[in-house]
Novice: 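The following block contains the structure, expressed as structure tokens.
Every value quoted in this text rests on a predicted model; they were computed, and no experiment measured them. As the structure lists them, so they are numbered: ligands from 1, and atoms in each ligand from 1.
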Amino acid sequence: MKNAPIGVFDSGIGGLSILKALRAELPHESFVYIADSGNAPYGEKGDDFVIARSRALTSTLIDQDGHYKVKALVVACNTATAAAVKLLRAEYPNLPLVGVEPALKPAVQLSQTKRIGVMATRGTLESTKFAALKASLADQAEFILQPCDGLAAAIETQNTPKIIALLAEYTPTIGQFGTKNGQIDTLVLGCTHYPFISDLLRVHTGADVHYIDTGEPVARQTRRLLEAAGTLITSPDLGDLQLFTTGDLPSFAPLTKLWLNLPDTAIISKI
Ligand code: DGL
């Protein structure tokens, strides 16, 4: 069990931003990543769809003839976490499970102006889980929420003109960015796809605004859960990586190799 991999899934490539942090924090662990690109995006499809996909991917990672048999699961998708993590925890009570949610708490700590922008999918921002998180911090900062319909899909398909057009539409409605009083000095990237477009976002926010994503805290939480379960690998060997997509392999494979800095020989498969 200790040598079993850690399962990670997202609606597509977004979770690679989490996987990168996981591999940096836990280099001796093995990972199996599934990008559900064939069903992406999740953000505008509603809870029933996202729950069904989350269940199907989890069962692939957990049950399938013991083939992967992961020892822990990271739901590397804010939208899937919001819709399905409670249910997955109930269905797999013995599985160490880490979800991701928009990092509002770290944003409150970092922000001086206490005006914080939150970009995420509609599914995440309209969830009861997110409403509870926001309500718990409502007296500490003002949060300006921006549902970014279409943005994860444009990132997924690497449609740069579309990404640029959507950012030009969404960022002005969040408000004025900057570090002066009344300005938004901190931006929460509440979808795991968004760290990949931070350069394009900078055009709109300027260089001084803090961007907050969840890769590193999620990786540290995963380490804590493995330690608590006694399944953290202690051998010095580097872990393995298996990557799968339910979508188009020729577009997923090169992107993944580039972002994770993998050798050309890395094997990435269609599932
Ligand atoms: N990357 C996912 C998230 O963190 C989902 C984006 C989508 O599929 O809409 O929310």
Novice: Measure the distance from atom 7 (C) of ligand 1 to every protein heavy atom, then report the residue, atom name and distance (to 0.1 Å) of the closest one.
Specialist: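 Result for atom 7 (C) of ligand 1: Y42 N, 3.3 Å.
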Novice: With clusters defined by side-chain heavy atoms of hydrophobic residues (ILVMFWY) lying less than 4.5 Å apart, directly or transitively, does F252 cluster with I163?
Specialist: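 Yes, it is one cluster - the side chains of I163 and F252 are joined through contacts under 4.5 Å.
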Novice: Report yes or no: does R202 contribute a side-chain atom to a donor-acceptor pair with the main-chain N or O of V209 at less than 3.5 Å?
Specialist: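 A pair under 3.5 Å: yes.
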Novice: Students should be able to answer this: which protein heavy-atom is nearest to atom 1 (N) of ligand 1, and at what distance?
Specialist: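 For this ligand atom, the closest protein heavy atom is H193 ND1, 2.7 Å.
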Novice: Between the side chain of E216 and the main-chain N/O of A21, is any donor-acceptor distance below 3.5 Å?
Specialist: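 Between the backbone of A21 and the side chain of E216 there is no qualifying donor-acceptor contact (under 3.5 Å).
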Novice: What residue and atom, counting heavy atoms only, is the protein's closest point to atom 10 (O) of ligand 1, and at what distance?
Specialist: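 Minimum-distance protein heavy atom for atom 10 (O) of ligand 1 reads T79 OG1, 2.6 Å.
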Novice: Of the non-hydrogen atoms in S37 and E156, which two are nearest, and what is the gap between them?
Specialist: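 Looking at all heavy atoms of both residues, the shortest contact is OG-OE2, 3.0 Å.
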Novice: Any N or O of T124 that comes nearer than 3.5 Å to an N or O of ligand 1?
Specialist: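 For ligand 1, there is no N or O atom that lies under 3.5 Å from one belonging to T124.
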Novice: Check this for me - ligand 1, N78, N or O atoms closer than 3.5 angstrom, yes or no?
Specialist: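 For ligand 1, there is an N or O atom that lies under 3.5 Å from one belonging to N78.
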Novice: Under 4.0 Å from a heavy atom of T121: which atoms of ligand 1 are those, numbered in the order shown and with their elements?
Specialist: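 The atoms of ligand 1 under 4.0 Å from a heavy atom of T121 are 6 (C), 9 (O), 10 (O).
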Novice: OG1/T160 to CG/L200 distance, rounded to the nearest 0.5 angstrom?
Specialist: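 So the gap between those two atoms works out to 7.0 Å.
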Novice: Closer than 4.0 Å to some heavy atom of D10 - which atoms of ligand 1 meet that?
Specialist: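 Here the atoms of ligand 1 in question are 1 (N), 2 (C).
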Novice: When you measure from the side chain of S127 to the backbone of A83, do you find a donor-acceptor pair of N or O atoms at a distance under 3.5 Å?
Specialist: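 Not a single qualifying donor-acceptor pair exists.
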Novice: Check each atom of ligand 1 against the heavy atoms of S11 and keep those under 4.0 Å away; list them by number with element.
Specialist: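 In order of numbering, the contacting atoms are 5 (C), 6 (C), 7 (C), 8 (O).
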Novice: Keeping the roles fixed (side chain from D213, backbone from L189), state whether a donor-acceptor pair exists under 3.5 Å.
Specialist: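 Between the backbone of L189 and the side chain of D213 there is no qualifying donor-acceptor contact (under 3.5 Å).
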Novice: When only distance counts, is E44 in polar contact with ligand 1, meaning an N/O pair under 3.5 Å?
Specialist: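 In this structure, E44 places no N or O atom under 3.5 Å from an N or O of ligand 1.
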Novice: Backbone or side chain, does any N or O of G43 fall under 3.5 Å from an N or O of ligand 1?
Specialist: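 Yes.
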Novice: Using 4.0 Å as the upper bound for N to carboxylate O, is an ion pair formed by R223 and E29?
Specialist: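 Judged by the 4.0 Å cut-off on N to carboxylate O distance, E29 and R223 do not form a salt bridge.
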Novice: Considering the heavy atoms of A152, write down every atom of ligand 1 situated less than 4.0 Å from one of them.
Specialist: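 That gives atoms 6 (C), 7 (C), 9 (O) of ligand 1.
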